[in-house]
Protein chains: 2
Amino acid sequence: MNLKMLAAHLGLSQTTVSRALNGYPEVSEETRKRVTEAARELNYSPNARAKGLATGRAMAIGHVIPISTQHEIVNPVFGDFVAGASEAYLKAGYDMTLSLTGDEDEAQNYRRLKAKGNVDGIILHGPKMKDARIPFLTGLKMPFVVHGRASELDQPYCWVDVDNAGAFRRATNFLLDLGHRRIGLINGLEFMDFAHRRREGYEEALAARGLAPDPALGRSGEMTEPYGYLAAHDMLALADPPTAFLTASLITAIGVRRAIHETGREMGRDVSVVTYDDDLSYLSNGRDVPIFTAIRSSVRDAGRITAEMLLRHVATPALPPETTLLEAQLIIGGSTGPAPAKH
Amino acid sequence: MNLKMLAAHLGLSQTTVSRALNGYPEVSEETRKRVTEAARELNYSPNARAKGLATGRAMAIGHVIPISTQHEIVNPVFGDFVAGASEAYLKAGYDMTLSLTGDEDEAQNYRRLKAKGNVDGIILHGPKMKDARIPFLTGLKMPFVVHGRASELDQPYCWVDVDNAGAFRRATNFLLDLGHRRIGLINGLEFMDFAHRRREGYEEALAARGLAPDPALGRSGEMTEPYGYLAAHDMLALADPPTAFLTASLITAIGVRRAIHETGREMGRDVSVVTYDDDLSYLSNGRDVPIFTAIRSSVRDAGRITAEMLLRHVATPALPPETTLLEAQLIIGGSTGPAPAKH
DNA sequence: CTTGACACCCGAAGCGCTTTGGACTCGCAG
DNA sequence: CTGCGAGTCCAAAGCGCTTCGGGTGTCAAG
C-alpha cells in the first residue's frame with residue numbers, strides 16, 4: 001500500500017492525497033475526509049524513508065552512548081531517561097535511534113551519523129569534563145542537547161543538567177548540621193562531569209565551615225553495589241572512621257548499608273547515609289518513608305525535558321542555545337540522624 | 001557531499017562510484033581505489049534513507065518495548081540487553097531504533113512500524129503468556145525474534161530464552177538438598193511469561209519431593225527492592241516462617257536481605273537466599289565471592305544472541321523459525337547454608 | 001462578456017541512491 | 001578483417017514521497 005495505489009484507488013492524484021493527509025489547505029474538506037478514511041481503511045501509512053528523502057527531515061532523534069572498552073557500559077540510569085524522552089518523541093511523532101559507539105573515532109562516528117541522515121538531532125549522554133564531542137558537534141551544525149554539562153568549556157551549547165554541586169552542597173550541609181564532621185564521599189568516576197561537580201559541592205560545604213576534606217574519606221569509582229560496600233568497609237576500618245557517608249547512587253548506598261551492618265553498626269543511628277537518588281522506576285527508595293535520606297531528581301523527567309528542548313531546536317535551528325538546571329530535592333529518610341557523641 | 005558530487009569530482013558516473021563503493025566486480029581495482037580514497041577524503045558516506053529507498057532494506061532493527069500505563073516501564077534489564085544487541089548490530093552495520101509504545105492499539109503500532117519501513121526486523125521484549133503480538137507479527141511477514149517465550153502458543157516462531165523453569169527447579173532442589181522445607185518464592189509479575197515459568201520450576205521441584213507449595217510463601221509483584229523487603233518481612237512474621245527465599249532478581253534479593261537483617265537474623269545462617277541474577281553490568285553480585293547464591297545468566301549475552309538470530313533471519317527470510325534455550329548457571333555465594341535445626 | 005480571484009486539483013521534477021540494460025574498447029581466435 | 005567475449009564504464013529508470021508551477025471551473029466584480 002503506497003501513495004500511488006491509494007491515489008489510484010480514490011481516483012485522485014498523488015499530490016492531492018498527500019496534501020489531504022498532511023493538512024494542507026488547498027484541498028476541500030470533503031475530499032480530505034474521503035482520503036483520510038480510505039487511508040485508515042486500507043492501513044496506509046507513508047513510507048518514512050521516502051518521506052524523509054523528500055522533506056529532508058528524518059523525524060528521528062539519535063541517542064549516542066559511549067560504550068568504552070573500560071566498563072562504563074550502559075548505565076542503569078539510561079532506561080529511565082529513555083522512557084522520559086520517549087514521551088516527548090511519541091507526542092511529536094518522532095522516532096528514536098540508539099547508537100552505542102566505541103569511543104575510538106568519535107569524530108568520524110558523528111560525521112557519519114549526520115551524513116547518513118537518519119536523525120535530525122542528537123542527545124549526548126555521559127559528558128566528561130571538557131568533553132571534546134561538544135565543540136565537534138557544534139561545528140557539525142546538527143542540533144544537539146547534552147544530558148549533563150562539560151566543565152571548563154565556555155562555548156555555548158544546549159544542556160539539561162541537575163545542579164549536582166548544589167545538591168551535594170546541601171547534602172553535606174545537612175550532615176554538618178547534624179553534627180557530623182567526618183563525612184565519607186563515595187563518588188562516581190570523577191572524570192565524568194557530574195561526579196566532578198558533586199565533589200566540588202561537597203568540598204565547598206566543608207570549606208564554608210573551615211573543614212578540609214580528608215583524602216582518606218574520598219573515593220571515586222563505578223557506582224556498583226560492591227564498590228559501595230568496599231569503600232565503606234575500608235573507611236569504617238580507619239582509626240578515625242567517618243560518622244556519615246555521601247554516596248552517588250542508590251545502588252552504591254545499598255552496598256554501604258551492607259558494610260555498615262556487617263560491622264555491627266546501625267544505619268541512621270551509628271552511621272548516617274545520604275545518597276543521590278535518580279528516582280529510577282525499578283529501584284524505588286521506599287514509598288512513604290524513604291529508606292535513605294536522599295537528594296532526589298527524576299532522571300525520567302530529565303529525559304522528557306531534554307527531548308523537548310531538542311525537538312524545539314530541531315524545529316527552529318536558529319534558536320540560541322538554551323539551558324535548564326534542575327534542582328534536586330532533599331528528602332529525609334531513615335538513614336540519617338545526629339552524629340553519635342564522641343566518647 | 002553526495003554521490004553525484006563525488007562522481008563529478010572524480011569524473012566518473014554515479015553508477016561506477018556506487019559500484020566501486022559497494023564492492024561490485026564490474027569496476028577496475030584501480031578506479032575502486034581512487035573512489036574509496038576520494039570518499040574517505042571528502043568524508044562521503046551514503047545517505048541511509050536514499051539507500052534504503054533504493055534497496056528496500058532499512059539496515060535497522062526495531063526494539064519494541066511495551067510501556068504500559070501500569071508501572072512496568074523500562075526495566076533494569078533493558079540497558080544490558082541493548083548493549084549486547086548493539087555488538088551484533090555494530091558488526092553488521094545495522095542501526096537500532098527504539099519504540100516505546102503504550103499497549104493500546106498494539107496491532108496498529110506494528111502495522112505502522114512495518115509500513116513506515118525504517119526497520120527490517122523486530123525484537124520483541126517482555127512477552128506475556130500467550131502473547132497476542134506473536135501471532136500478529138507472524139501474520140505481518142516481518143522477521144522478528146522474541147526475547148523470552150510465550151507459553152500456551154504452539155505456533156512456531158523465533159525466540160531466545162533462558163530456561164527459567166529449569167533454573168528455578170535447580171535452585172529449589174539446591175535448597176531442598178540443604179534441608180530447607182519452607183521456601184518462600186518472591187517472584188516477578190506472573191502474567192509475564194518468564195515469571196510464570198519460574199513458578200512452574202519451583203513447584204515441580206517441590207512436587208518431586210512430595211511437597212505442596214504453601215500459598216502463604218508465594219508472592220508475585222514488580223521486582224523492586226521495597227517489594228522484596230515487604231514480601232520477606234511478611235513471610236518472616238508468619239508463625240511458621242520460611243528458612244529460605246527464592247527471589248527473581250538481585251534488586252529484590254537486596255530488599256529481602258534488608259528484611260532478614262531487620263529481624264535480627266543472619267543471611268546464609270538463619271535464612272538462605274537464592275536469587276536469579278541477570279549479571280547486569282552495574283549491579284554486580286560481588287567479584288570473586290558472590291554475595292548471593294544465584295542462578296545467573298547474562299542478559300547482555302542474550303541480547304547479542306537474539307540480535308544475531310534476527311540478523312540471520314533478515315538476511316534470509318525463508319529460514320525456518322529458530323530457537324535458543326540458554327542455561328543459567330548456579331553459582332554458590334554466601335547467602336545459603338544448611339537449614340537451621342528445628343528446636 | 002471579460003476579468004480576476006478563489007477554490008480545488010493535477011503533472012512532473014526532484015530528494016540520493018541502486019540497478020537494469022546497454023555502449024565502448026580491447027585483445028584474441030577464426 | 002570480422003566476430004566475440006571480457007573488462008569497464010555510463011544513462012536512465014525507479015524506490016515513495018513532497019512540492020513547485022501551473023491548470024481547470026465557478027462566481028462576483030468590472
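Quick note on labels: first sequence line is chain A, next is B, and so on, each numbered from 1. Keep in mind that the numbers below use all heavy atoms, side chains included, and drop hydrogens, waters and symmetry copies.
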Close side-chain approach of B/Asp279 to B/Arg300, heavy-atom, < 4.5 Å: no
Atom CD of B/Glu30 with >12 non-hydrogen neighbours under 6.0 angstrom: no
Short side-chain N/O contact to C/dT18 OP1/OP2 from B/Ser18, under 4.0 Å: yes
Residue pair B/Arg133 / B/Pro127: nearest heavy atoms and the distance that separates them: NH2-CA, 3.6 Å
Plane angle bin for A/His125 and A/Phe78 - parallel if under 30°, tilted between 30 and 60°, otherwise perpendicular: perpendicular
Salt bridge present between A/Arg40 and A/Glu37 (N-O < 4.0 angstrom): no
Interatomic distance where CG belongs to A/Leu53 and P belongs to C/dT18 [whole Å]: 12 Å
For the student: nearest non-hydrogen atoms of B/Ala60 and B/Thr97, plus distance: CB-CG2, 4.2 Å
Side-chain heavy atoms of B/His313 within contact of B/Met309, under 4.5 Å: yes
Spacing of B/Ile122 atom CD1 and B/Leu140 atom CG [to the nearest 0.5 Å]: 7.0 Å
Five-pair end axes of the helix from C/dC1-D/dG30 to C/dG30-D/dC1 and the angle they enclose, rounded to 10°: 80°
Distance in angstrom units between B/Asn2 CG and C/dG14 P, rounded: 14 Å
First-last contacting nucleotides on DNA chain D - partner chain A, under 4.0 angstrom, heavy atom: D/dG16 to D/dG21
Footprint string (nucleotides 5-12 of chain C, 5' to 3'): B base within contact, S backbone only, - free, heavy atoms under 4.0 Å: ---SBBBB
Heavy-atom check, side chain of A/Leu3 versus side chain of A/Pro46, under 4.5 Å: no
Given A/Phe81, A/Phe194, A/Trp159, the one that forms ring pair (Phe, Tyr, Trp, His ring centres under 6.0 Å) with A/His147: A/Phe81
